[in-house]
Amino acid sequence: MFWHIFLRVISSSDLWAATLQFTALLLLPALGGVISERSGVINIAMEGMMLVGAYAGVMGAKATGSVVGGVLIAIIAGSLLALVHAIVSVNFKADQIISGIAINLAALGLTNYLLPLQTGGQGVPSLGNNLRLLNISLGPISNIPFIGPVFFQQNIVFYVAALILLGIHFLLFHTNAGLRIRAVGEHPQAADTAGVNVQLVRYMCVIGSGALSGLAGAFLSMGIAGIFNSDMTAGAGFIALAAMIFGKYTPFGTAGACFIFGLGEALSVRMQDTGISPNLLSTLPYIITLIALVGLVGRTVAPAADGIPYEPGGE
Amino acid sequence: MAVPTVQPRSPEPRPEFWLLAWARKLGNSLGRPVFAVVLSMIAGAIVIMISPGGSPGAAASAYQTLFQGSFGDPQSISFTLVRVGPLILTGLGVAIAFRAGLFNIGAEGQLAIGAMVAGMIAFKEPHWPAWALIPLMLIASIIAGAIWGGIAGWLKAWRGAHEVVTTIMLNWIAFYLTDYLIDGPFKAPSQATQTPPLPAQATLPRISTAYDQLLGGFLPRIDPNAYNLDVGFLLALLALVVYWFITARTTFGYELRVIGQNPKAARYAGIRTGRNIFLVMAISGAFSGLAGAIHLMGQFPYTLIATTFSIDPTGFDAIAVSLLGRTTAIGVLLASLFFGGLRQGGYLMQLNANIPGDLVYIIQALVLFCIAAEFLPAIQRALPAWMSFSRRPALATGIKEPTVIDLPREGAASSNGEPVPVEGDAAATDSATVERHSERVEED
């Protein structure tokens, strides 16, 4: 009975399409985390930046009357929140974990605070189809059986996320800018001596992570859900954090981790018929990450200067 | 006792009148928290003013309702103290980990596990008498929380896994695990996604009821329905004393501080860092586990409801509480009163002044920013010399929060898995640490 249902679920294109959708949703903030932490700034605030992006996306789309406007406003909102993190942790040398927690709290507070005020108590704002990020079909190849629905009828953000993945890998490992980012994250003193502006690099990376998280938020509210609900990210930003660590702070490793966690998420919904609790399945990404952390499947090591404020001239 | 051989420098250039010295010490320890609270409250008022339909009058009346609803009359105080009890316990849990330089973000998960285990015992054995059931539930919640926190400590001590990441992961495992148990094996027959209420003898009595039974014959009676504060609050006060004793009067508490301020020095001094890290995380979890049991056993509806732990703010409030309280027992008490009051008053503010109670999250975030960021020294530097309130080194080191600044880091683990500082900056920070250390030694 179990195997019967399991095989049916596994062989459905629906499952794999949903898996890729979740993968893209997790990948964007996780990649943001990768560039932020590679530059030496711990970012546990992807959750909050996503939430603000989700809110700003829906409100922005309604206000401007266009999808592009909504997405742009979501990206700007995520970046602004990240800017606060950057100012507090780079300039004021705050503990980056406390700052991250504060950002998450502020995001939850701001969205819940503004929601009734901006909607005049009209309840949750939902979007019409003309304002949503929709799935697109890529011409004739989308009609190939199985492969078509899985790969070529995805949401537009999925393709954007795939491009961003390639872009960030190229940026980090094949450009001068990437070398600088990694140098700043591993040994800021040396980077500074070599003429790299440590603070500027960190600012750019943190703001970039906010932009990616904001985009992911817009994908969640304007694409997947079509509505904004209070606290709708529900831990997705923390799974992205887990994926980043599990992926050893590399773009492709992170993408692989996001795929595994996305599959778990998609499976947990569809495996209910087998009697396995979706709640128990949902614990798996976190348990896997714990195992990865203690090094049973290859030890994860953070960038050397991750989380340490840089003081020019040393202490 | 293992005492690192550190020569205390003399931080005071000249002897000072004791009252002045005492006032300076008080000012130093109060400076940053008070500054953080005042600045955040002002910023919160500005948020209200610039919101749609906001005005200075609206901000003033909102804050008035906030205060009325939290400490305005005895009944409000009783409601507030109901929230303060679990906050004290989780706040102490986070604080004791901070003492050792560890950042326990897992208070909420430890609270969830504590509440769950306490509930499971009552649901399994609903006919046991109160004298057996209540102590058993409380002790079980302490042990369960200790195990959940201890896992993170053990992973840190054994493999150097960063406790921030492991406690976040353990939080979500706890949330989904409790959701599974609440919505599965322990689900109420007729209800969705929640357990049945606890049997009556498994609930904590109200202080007003106990008072009426003991003294009601001689003194005016108190209406238990109006004053619903339960004896869990007294347990929280007891925990404050226990915390004070552990941190101020035991070798273990001393070793924690040494580890928190300089793990390398601690190891050279023969302190068993790994064992202490495991122990402190277990104790930290124990406090939060007990908070979960009190939360469940103390208040209506005495029920576990699925998906509530992941949105319950107590565990995250605890971080703000312990930072604002500077990890001291009295500070944790005061900060718990502040944040408990904000939460309770925010609830009334939403009802009466039409300001969403979630403003409290924003104020809280601002408090965290103000404590974590070095705004105060930055402002001091920006001020012209004659306006500067003090440039003495006593203040500069006094407002530093060594437990927070010197977080041990991931990736800086030695071959046997115990965390040590990165070689390069260890030398650089040594002198600063010694200075702070000597200050602590002198304090004791």
Side-chain angles (χ1 to χ4, degrees), chain A residues 42 44 84 87-89 91-99 101-118 120 187 189 231 234-235 238-239 241-242 245 277 279-283 285-287 289-290 293-295 299-308 314-315, chain B residues 47 51-53 103 105 151 155 158-159 161-162 164-166 168-173 175-177 179-180 183-184 306 310-311 313 316 319-320 323 355-356 358-369 371-375 378 401 404-405 407 409-412 422 424-425 428-429 432:
Chain A
I42 291 178
I44 61 167
V84 175
I87 291 173
V88 173
S89 51
N91 273 5
F92 289 102
K93 302 183 174 52
D95 186 276
Q96 293 157 13
I97 293 160
I98 300 177
S99 170
I101 293 171
I103 297 267
N104 284 335
L105 287 173
L108 187 61
L110 268 181
T111 51
N112 281 355
Y113 178 77
L114 289 176
L115 186 60
L117 291 178
Q118 287 202 331
H187 202 316
Q189 283 80 5
D231 200 12
F238 289 116
I239 302 189
L241 178 75
I245 296 159
S277 157
N279 282 324
L280 281 187
L281 276 175
S282 297
T283 60
Y286 304 108
I287 294 175
T289 307
L290 278 186
L293 269 173
V294 296
R299 183 98 174 258
T300 296
V301 179
D306 207 9
I308 308 163
E315 287 198 10
Chain B
V47 170
S51 303
F103 206 144
I105 309 196
I151 293 174
L155 292 177
W158 176 45
R159 300 292 289 186
H162 199 305
V164 167
V165 182
T166 53
I168 289 177
M169 301 302 132
L170 285 166
N171 265 354
W172 287 92
I173 295 171
F175 298 155
Y176 285 116
L177 193 64
D179 282 356
Y180 160 73
D183 202 12
S310 58
I311 54 171
F316 283 96
I319 296 163
L323 287 173
I355 305 280
D358 294 287
L359 181 70
V360 173
Y361 281 109
I362 301 175
I363 294 178
Q364 203 171 20
L366 292 165
V367 168
L368 284 181
F369 279 136
I371 293 177
E374 297 182 352
F375 289 141
E401 194 76 68
V404 180
I405 309 285
L407 286 176
R409 294 181 302 273
E410 185 177 10
V422 176
D425 74 359
T429 50

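In what follows, every chain begins at residue 1, and chains take the letters A, B, ... in the order their sequences are listed.
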Given the options B:I363, B:L170, B:N171, B:V47, which has more heavy-atom pairs under 4.5 Å with chain A than any of the others? B:V47
From B:L368 atom CG to A:I103 atom CD1, the distance as rounded to the nearest 0.5 Å: 10.5 Å
Kindly compute the distance separating OH (A:Y113) from CG (B:D358), expressed to the nearest 0.5 Å. 10.0 Å
Determine whether B:F103 and A:D95 make a side-chain contact, defined as any pair of heavy atoms from C-beta on separated by less than 4.5 Å. yes
With rounding to the nearest 0.5 Å, note down the distance linking CG in B:D183 to OG in A:S277. 7.5 Å
With a 4.5 Å cut-off on side-chain heavy atoms, are A:N104 and B:F316 touching? no
Greatest number of non-hydrogen atom pairs under 4.5 angstrom with chain A, of B:I173, B:D179, B:L177, falls to B:I173
Check whether any side-chain heavy atom of B:L323 sits under 4.5 Å from a side-chain heavy atom of A:I98, and report yes or no. yes
For the CD1 atom of A:I245 and the CD1 atom of B:I168, what is their distance to the nearest 0.5 Å? 7.5 Å
Just give me the residue among A:L241, A:N279, A:I287 that pairs up with chain B most often, heavy atom to heavy atom, under 4.5 Å. A:N279
Under a 4.5 Å heavy-atom cut-off, does chain B meet the side chain of A:A234, its backbone, both or neither? backbone
Distance-minimising heavy-atom pair for B:I311 and A:D231: CG2-OD2, 3.5 Å
So B:H162 and A:D306, do their side chains get closer than 4.5 Å, heavy atoms only? no
Parallel, tilted or perpendicular, judged at 30° and 60°: which one describes the rings of B:Y176 and A:Y286? parallel
For A:N112, is it the side chain, the backbone, both or neither that has a heavy atom under 4.5 Å from a heavy atom of chain B? both
Chain A heavy atoms under 4.5 Å from B:I319: which part of the residue, side chain, backbone, both or neither? side chain
Between CD1 on residue A:I101 and CD1 on residue B:I105, distance to nearest 0.5 Å: 4.0 Å
Toward chain A, the part of B:V360 with a non-hydrogen atom under 4.5 Å: neither
Residue that, paired with B:Y361, satisfies side-chain contact (heavy atoms from CB on, under 4.5 Å) out of A:L105, A:T111, A:L110: A:L105
Check step by step if side-chain contact (heavy atoms from CB on, under 4.5 Å) holds for A:V84 and B:F369. CA-CA 10 Å; A:V84 175; B:F369 279 136; 3.8 Å; yes
